[in-house]
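Below you'll find the structure, written out as structure tokens, and then a few comments.
Note that this is a predicted model, so its numbers are computed, not measured. Only heavy atoms go into these numbers, but all of them, side chains included; no hydrogens, no water, no symmetry mates. Here is how names work: the chains are called A, B, and so on, in the same order as the sequence lines, proteins then strands, and each is numbered from 1.
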Amino acid sequence: MKLLRDEIEQLIGQALVKAGISGDNWRQMLAPSRDTSQGDLSLPCFPLAKQLSRNPVELAQSIADEISSNPAIGEVSAVGGYLNIKANVNWLAQQVLSGKVRIGDALGTMNSTGRKVLIEHTSANPNGPFHVGRARNAILGDSLVRLHRLFGNEVRAEYYVDDMGKQVAVLAWALANLSKEQVEQTLVGRDPVNPRWSGKADHETVRWYQAAQKMREGENTQAIEDEIGRLVHASEHGDQDVLDQFESAYQPVLDGMLTTLSRLGIDFDTFTKESKFVIDGDVAKLMQRLSEMEIYGEADNGAGYLDLGQRGLKGKTEFFFRRGDGSSLYATRDIAYHMWKWQQSDDLINVLGEDHKLQGKQVAMALTELGERVPEVLFYSFIKLPEGKMSTRKGNVVFMDDLLEEAQAQAATIVRELRPDYSEEKVMEIAEAVGVSAVRFNIIKVSPDKGFTFRWEEALAFEAGSAPFIMYSHTRAHSVMLRCIEAGADVDSIIASEIDYSQQEMPTGIVELLRTIARHNDILDKAVNMRKPHLFAAQLLDLANAYNGFYRDCHILVEGVPNPLYLQVSELARNLLKAGMQGVGIIPIEQM
RNA sequence: GGGCGUGUAGCAUAGCUGGAUAAUGCAUCGGCCUCCUAAGCCGAAGACCGCGGGUUCAAAUCCUGCCGCGCCCGCCA
């Protein structure tokens with residue numbers, strides 16, 4: 001709790017100096033208490049006691065005695081060598097309600113740090129609909145974008161469009177050479193397109209890609225391979241006609257994919273095409289520079305690589321950046337892309353699947369070699385299905401479109417049951433918000449480096465520990481506020497009013513809520529700067545839970561008259577919940 | 001074989017820049033709607049923190065060796 005720490009750190013420092021401790025190593029030992037029933041901050045005194053050859057229990061006690069009179073401190077205790085400090089609740093209320101807690105805005109541009117951050121995420125090849133596994137990147141990346149904005153950074157969300165290379169070439173070839181009949185004939189035995197998504201290009205056009213892939217596995221494919229090879233080669237040398245053909249092939253598919261993301265509340269500020277760096281000559285210049293490096297090596301056929309083994313890379317040490325025919329590779333273009341990105345932002349963050357770890361390392365080392373900075377990368381593990389790895393080929397996939405439909409449908413069933421008086425239109429609106437939020441939250445709440453298994457029951461759980469739990473607390477807060485207005489109270493002026501916080505009684509519920517609120521900014525900071533969105537997800541659950549406890553203990557509206565303190569706290573919590581929910585893509589509806 | 005990651009109650013997870021009695025949800029058992037939305041609240045029970053060593057006043061957390069699982073080790077993207 002930074003709020004309390006800032007207030008008392010100096011005081012503790014003085015007490016320690018008095019006791020004979022010099023230096024400030026103790027500062028990093030002063031940490032949030034593990035169990036909040038014991039305090040807000042704790043200082044284990046063992047190492048300090050050792051330094052002074054004193055009894056830690058006694059040392060803790062003497063510091064406690066020294067600092068107990070500070071108005072910010074409600075309770076200090078020395079227990080078994082730990083100094084436990086609990087904030088004075090009335091002081092805390094005063095601090096928290098006087099604007100010391102930043103609410104922020106995850107959607108706007110309310111910048112306070114002035115730091116420019118470019119976050120690249122998703123960047124999926126435009127060759128088929130999002131399945132739940134691929135969508136983890138988008139959900140994680142977009143949450144990072146939102147959390148950075150909430151924190152006050154100036155963020156640009158970018159999608160790197162893979163518009164060249166073999167995958168797009170296969171798609172373009174198929175569209176140019178196969179009729180619908182040929183495609184369906186080739187794919188006999190496969191599940192047809194779900195009628196719900198007919199006409200959606202990512203579901204529809206992908207059939208051509210799949211058919212082509214299947215044909216390539218068959219006999220006598222040399223002619224096809226040659227033609228595809230010609231397209232790849234042309235695209236990698238910047239042939240504009242071929243690149244245009246590619247674009248008209250992939251763009252509808254990409255649009256379909258973006259429609260799915262948009263339903264999840266995910267969008268991008270900029271799209272940058274991979275071909276850009278070939279066309280404008282950056283890649284050629286880069287390859288020239290790389291071939292002049294001292295760790296440059298060359299294969300018999302003229303292919304070029306950097307020997308990263310000389311820089312400590314273990315395993316396969318040759319990092320190829322140029323083919324024998326002189327063309328660039330994906331990784332080469334990625335380096336050029338990063339150099340370009342560094343020209344437009346203070347910080348770079350990439351969201352990548354764990355399969356890109358080695359590649360990420362190689363690109364980072366090459367960038368270092370070039371005297372460039374290295375981007376921060378958020379790696380995530382894949383989502384499996386109970387049956388195993390997700391694979392479109394085996395039909396072992398859950399499409400995000402289907403998941404969202406199902407989520408909405410199940411949420412609608414629950415809303416109809418719980419609120420029989422709502423109109424069908426309202427039911428569907430609430431269900432959509434609940435469905436989307438639950439799907440996002442279930443992915444965002446777990447640590448990115450944990451691989452997890454997708455299960456329908458869990459993805460569609462709407463109870464405590466899920467997005468709807470948080471949404472529900474928010475609607476409670478909203479509804480209380482409306483009640484106050486209905487009762488004729490001037491909510492705005494009550495919120496702006498000065499209260500003598502030192503005179504207020506503080507039931508358990510409000511105490512816990514105030515402490516949770518006081519931690520809010522600390523956790524956002526950590527979540528953003530350590531790239532751990534799940535920490536903030538947990539904070540939102542804590543906040544919702546604390547709000548529920550407050551709601552239980554502190555009746556805001558009694559006989560038509562709002563309690564000013566309670567209303568102020570409730571409104572602060574509501575605003576923090578709302579902004580925080582937007583920070584992870586939960587939709588803060590006002591009624592459910 | 002090498003590199004990286006992961007292993008925590010029946011299940012799913014948090015905690016991993018070392019600190020106290022290991023936290024949360026689901027499932028299980030019990031209680032709460034004449035009172036601001038019960039998608040809620042209160043309580044009970046449930047853990048050799050993968051296994052073995054080591055460092056430390058203190059280890060789920062750091063080091064090390066095993067074991068299980070995942071990802072990667074293309075002149076593919």
State whether [X] places a side-chain N or O below 4.0 Å from either non-bridging phosphate oxygen (OP1 or OP2) of [N].
X      : N      : value
A:H478 : B:rC36 : no
A:R34  : B:rA14 : no
A:N545 : B:rC41 : yes
A:K314 : B:rG2  : no
A:R455 : B:rC11 : no
A:K389 : B:rC71 : yes
A:R552 : B:rC32 : no
A:K450 : B:rA14 : yes

Answer with base, sugar-phosphate or nothing: what part of the nucleic acid does [X] contact at a heavy-atom distance below 4.0 Å?
X      : answer
A:D325 : nothing
A:E457 : nothing
A:V415 : base
A:L329 : sugar-phosphate
A:Q359 : base
A:R322 : nothing
A:G324 : base
A:R476 : sugar-phosphate
A:A464 : sugar-phosphate
A:L313 : nothing

Checklist line | Residue whose closest nucleotide on RNA chain B lies nearer the 5' end, A:D162 versus A:K532 | finding: A:K532
Next item on the list: Tell me which of A:R333 and A:F469 sits closer to the 5' end of RNA chain B, going by the nucleotide each one is nearest to.
Entry: A:F469
[X] on top of [N]'s base, within under 5.5 Å and under 30°?
X      : N      : answer
A:H555 : B:rC35 : no
A:Y82  : B:rA20 : yes
A:F382 : B:rG70 : no

From [atom1] of [X] over to [atom2] of [N], roughly how many Å is that when rounded to an integer?
X      : N      : atom1 : atom2 : result
A:L52  : B:rC57 : CG    : P     : 16 Å
A:E512 : B:rC41 : CD    : C1'   : 15 Å
A:D449 : B:rC71 : CG    : C1'   : 12 Å
A:D355 : B:rC4  : CG    : P     : 17 Å
A:I523 : B:rA14 : CD1   : C1'   : 12 Å
A:N548 : B:rC36 : CG    : P     : 15 Å
A:F321 : B:rG74 : CZ    : P     : 18 Å
A:Q362 : B:rA77 : CD    : C1'   : 13 Å

Is the shortest distance from a Lys or Arg side-chain nitrogen in [X] or [Y] to a carboxylate oxygen in the other one below 4.0 Å?
X      : Y      : value
A:E571 : A:R574 : yes
A:R230 : A:E225 : no
A:E354 : A:K357 : no
A:R519 : A:D522 : no
A:R515 : A:E512 : yes

When the [atom1] atoms of [N] and [M] are considered, how many whole Å apart are they?
N      : M      : atom1 : answer
B:rG19 : B:rC62 : C1'   : 13 Å
B:rA9  : B:rA14 : C1'   : 14 Å
B:rC32 : B:rA23 : C1'   : 25 Å
B:rC26 : B:rG3  : P     : 42 Å
B:rA12 : B:rC48 : P     : 15 Å
B:rC72 : B:rG15 : C1'   : 28 Å
B:rC51 : B:rC33 : P     : 45 Å
B:rU17 : B:rC63 : C1'   : 16 Å

So for [X] and [N], does any side-chain atom that can act as donor or acceptor lie under 3.5 Å from a complementary atom in the base?
X      : N      : value
A:N301 : B:rC75 : yes
A:S42  : B:rA20 : yes
A:D35  : B:rA20 : no

Nearest to the [X] side chain among [options], which nucleotide is it?
X      : options                : result
A:Q38  : B:rA20, B:rC71, B:rG40 : B:rA20
A:K357 : B:rC36, B:rA39, B:rC4  : B:rC4
A:E463 : B:rA27, B:rC76, B:rC57 : B:rA27
A:V79  : B:rG19, B:rA77, B:rA20 : B:rA20
A:S479 : B:rA77, B:rA39, B:rC36 : B:rC36
A:V446 : B:rU13, B:rU56, B:rG74 : B:rU13
A:P47  : B:rG19, B:rC75, B:rG40 : B:rG19
A:E354 : B:rG70, B:rG15, B:rG74 : B:rG70
A:K526 : B:rG40, B:rA77, B:rC16 : B:rC16
A:Y551 : B:rA39, B:rA14, B:rC36 : B:rC36

Margin query: Quick check on A:K445: does its NZ atom have over 12 non-hydrogen neighbours (other residues, nucleotides or ligands) under 6.0 Å away?
Written below: yes
Notebook entry, point to check: Does atom CG of A:D421 have more than 12 heavy-atom neighbours from other groups under 6.0 Å away?
Noted result: yes
Notebook entry, point to check: For B:rC33, is chi within 90° of 0 (syn) or not (anti)?
Noted result: syn
Next item on the list: Indicate yes or no for a side-chain donor-acceptor contact from A:R216 to the backbone of A:I224 under 3.5 Å, with no hydrogens or angles considered.
Entry: no
Check: Are the side chain of A:R136 and the backbone N or O of A:S381 linked by a donor-acceptor pair below 3.5 Å?
Finding: yes
Next item on the list: Give the minimum heavy-atom separation between A:L513 and A:A573, together with the two atoms involved.
Entry: CD2-CB, 4.2 Å
